[in-house]
Amino acid sequence: RGELTTSLLYHNPQLSMVSVDLWNDHADIVESHPHDSNYGHFIRILEENKVSERCKIIRKLTTEACDDIEDESLDFIYVDATHTSEAVSKDLTCWIPKVKESGFICGHDYHIAWGMIPVFESLGGKEALNVEECTSWWLPKRDLIGKWKEL
């Protein structure tokens, strides 16, 4: 729905973002989200907050969109796509190279209910992650050197 992206852009006037989501039904993905409604909401709040010009939107699968982004060109990524261990592993493998060495790897859904904790912890163990109550997590890319390729 784009609330985090919009908030980050609104509160950080120098920030530009690339937001990747299919916002569409896809034969290989089983989800029950109102994609059209979510996309419309995202566009609306970007415009209402006057930040749409700083948000590039890519409507593709995350694993396809990473080919559109140059390696080591991003300050951070925030992974919150398909909620399976396999999909998160693929996203991290695809997107970590896009982050500068001084950047951060971030994401959502660090929660036992999603079954993805082992994937996140393979990045360096639970003690390496910074986890918020809202199940968001982050760690510096420099802490991943030599680990992320093992996903």
Side-chain angles (χ1 to χ4, degrees), residues 1-111 113-117 119-120 122-123 128-144 148-149 151:
R1 293 178 43 89
E3 279 103 2
L4 178 60
T5 299
T6 302
S7 179
L8 288 170
L9 288 165
Y10 182 81
H11 293 289
N12 298 281
Q14 302 302 315
L15 183 65
S16 294
M17 304 256 317
V18 177
S19 186
V20 178
D21 198 310
L22 192 59
W23 284 292
N24 198 344
D25 293 324
H26 192 276
D28 297 337
I29 300 171
V30 180
E31 293 184 316
S32 59
H33 296 292
H35 295 292
D36 289 337
S37 173
N38 286 346
Y39 181 71
H41 175 79
F42 183 37
I43 296 301
R44 187 171 46 261
I45 63 174
L46 285 173
E47 291 172 355
E48 287 172 357
N49 286 279
K50 299 177 176 36
V51 296
S52 58
E53 70 282 352
R54 292 188 285 123
C55 185
K56 176 181 178 181
I57 295 174
I58 300 176
R59 291 185 75 173
K60 292 182 179 179
L61 290 172
T62 53
T63 52
E64 294 172 359
C66 70
D67 293 336
D68 298 344
I69 305 297
E70 186 178 334
D71 284 356
E72 296 192 20
S73 64
L74 303 175
D75 293 312
F76 72 95
I77 58 170
Y78 188 91
V79 176
D80 185 20
T82 304
H83 298 102
T84 67
S85 292
E86 180 183 0
V88 171
S89 292
K90 286 180 181 178
D91 277 340
L92 290 170
T93 299
C94 174
W95 284 94
I96 286 173
K98 308 305 174 184
V99 179
K100 297 173 186 173
E101 189 173 332
S102 61
F104 288 84
I105 312 304
C106 314
H108 194 234
D109 301 313
Y110 183 93
H111 192 277
W114 292 107
M116 296 181 300
I117 287 178
V119 175
F120 301 139
S122 72
L123 297 174
L129 298 176
N130 300 286
V131 182
E132 294 289 325
E133 288 182 28
C134 63
T135 72
S136 288
W137 57 271
W138 72 96
L139 71 162
K141 181 178 179 180
R142 68 179 175 272
D143 291 354
L144 293 176
W148 64 268
K149 293 181 181 180
L151 296 174

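Start at 1 with the first residue, then count along the sequence. Computed from heavy atoms alone, side chains included, the values below leave out hydrogens, waters and symmetry copies. Only a predicted model underlies this, so the values are computations on that prediction, with no experimental measurement involved.
Heavy-atom neighbours of K98 NZ from other residues, nucleotides or ligands within 6.0 Å: above the threshold of 12. No more than 12 heavy-atom neighbours from other residues, nucleotides or ligands sit within 6.0 angstrom of OH on Y10. With a 6.0 Å radius and a threshold of 12 heavy atoms from other residues, nucleotides or ligands, E3 has its CD atom above the threshold.
Here I43 contributes atom CD1 and N38 contributes atom CG; the two are 12.0 Å apart, rounded to the nearest 0.5 Å. Atom CG of D80 sits about 8.5 Å away from atom CG of D21, to the nearest 0.5 Å.
Closest of all the heavy-atom pairs between Q14 and R54 is N-NH1, 4.3 Å. For the residue pair R59 and L22, the shortest heavy atom distance occurs at NE-O, 3.7 Å. Summarising the geometry of E101 relative to K141, their closest heavy-atom pair is O-CB, 3.9 Å, with the distance given to 0.1 Å. Shortest non-hydrogen contact noted between T93 and P97 is O-CD, 3.3 Å. Across every non-hydrogen atom of W95 and A65, the tightest pair is CZ2-C, 3.9 Å. Closest heavy-atom contact between I45 and N49: O-ND2, 2.8 Å.
At a threshold of 4.5 Å between non-hydrogen side-chain atoms, the residues F76 and M17 count as touching. Residues I57 and L46 are in side-chain contact: their nearest non-hydrogen atoms beyond the backbone lie under 4.5 Å apart. The side-chain heavy atoms of Y78 and L8, taken from C-beta on, include no pair separated by under 4.5 Å.
A donor and an acceptor atom, one from each side chain of T62 and D91, are located under 3.5 Å apart.
Here D68 pairs with K60 in a salt bridge; the nearest charged N to carboxylate O distance falls below 4.0 Å.
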